[in-house]
Amino acid sequence: MKFGEFIVSEAIVPELKAKDRDGVLRELVGSLVAAGSVPKGAADELVAALIKREKQGSTGFGKGVAVPHVKHAKIKKIVGTIGRSVEGVDFAALDHQPVYSVVLLLSPANQHEQHLQAMNIIFSSLQKDTFRKFLRQSATAQAIAELLDEADQGK
Amino acid sequence: MPTASRDVVISNKLGLHARPAMQFVELANQFSSRVQVQSLAGENVCADGKSIMQMMILAAVEGTPLRIVAEGPDAEPAVEKLAALINDKFGEE
């Protein structure tokens, strides 16, 4: 699997307005709705499910990144987006540090393998110091999309 | 330095998703031994068992065979406890 198969470029948010975790989740789901990738009527339910998931254990896995995710019956095709916070957001991260890059992933309820493959792609890149650094520095949606393209091409 | 290893198979329905991977990493970090997890399915990916970011790269679905290898003074109890966690399906279905 590649980023291009699930990250919706039009829904990338290069400068998040939200200053807290729940606000960021709402903003990113809203961006997917605006891009037509998630049904509008499902937004509240998805945000609630994402918040519930964070409360069970933060997806702020350290080093300034968070990967909030949920499997949900209202999602028919795996979709995701990326948000960038300039000031950093408190995600109750494992290393207690602010989060600057948020990769949101919404998966159908019954496609476990596909979900794991998407997580594989996300973490293969996020564990690289250079990828995290460039992601944090990319100030436009286009720059972020290009970074993902390069990762997809194995650069 | 003592080493120990165990071969296990992921048997919970959802596979090694974030929460079980986190449980594994938390348990691995309770031991001083180095812990590595190798996927025996095809590509032979190897992950640091103490790093959540690396464990997620295994993308281990139900049925994936894994080898847990520990190296250090508590290698044996480490692989035993970690294998038990996987065999208990992380408390899931």
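So you know, we letter chains A, B, ... as the sequences are listed, proteins then strands, and number each from 1. Heavy-atom basis, side chains included; hydrogens, waters and symmetry copies ignored.
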Indicate yes or no: at least one non-hydrogen side-chain atom of A:Arg53 is less than 4.5 angstrom from one of B:Arg19.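 Answer yes - side chains close enough.
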Would you say the side chain of A:Leu126 lies within less than 4.5 Å of the side chain of B:Met53, judging by non-hydrogen atoms?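 Yes, at least one pair of side-chain atoms sits under 4.5 Å.
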Do other residues, nucleotides or ligands put more than 12 heavy atoms under 6.0 Å from [X] [atom1]?
X	atom1	value
B:Lys13	NZ	no
A:Gln142	CD	no
A:Asp22	CG	yes
A:Gln137	CD	yes
B:Glu93	CD	no
A:Phe134	CZ	no

Proximity breakdown for A:Val65 and chain B, heavy-atom pairs closer than 4.5 Å: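 For A:Val65, the side chain is the part near chain B, not the backbone.
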Portion of A:Ile122 that has a non-hydrogen atom of chain B nearer than 4.5 angstrom: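 No part of A:Ile122 comes within 4.5 Å of chain B.
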Region of B:Met22 in contact with chain A, defined by heavy-atom distances below 4.5 Å: side chain
Report the distance from atom [atom1] of [X] to atom [atom2] of [Y], rounding to the nearest 0.5 Å.
X	Y	atom1	atom2	result
B:Gln54	A:Phe123	CD	CZ	12.0 Å
B:Ile52	A:Gln127	CD1	CD	11.5 Å
B:Ile10	A:Leu116	CD1	CG	9.5 Å

Side-chain heavy atoms nearer than 4.5 Å, only ILVMFWY residues, links allowed to pass through others: does that put [X] and [Y] together?
X	Y	answer
A:Val99	A:Ile7	no
A:Ile82	A:Leu147	yes
A:Leu16	A:Leu50	yes
A:Ile51	A:Leu94	no

With a 4.5 Å heavy-atom cut-off (strictly below), which parts of residues 102-112 of chain A touch chain B? List them by number.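 Residues of residues 102-112 of chain A touching chain B at under 4.5 Å: A:His112.
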Side chain of A:Asn120, backbone of B:Ile57: donor and acceptor closer than 3.5 Å? yes
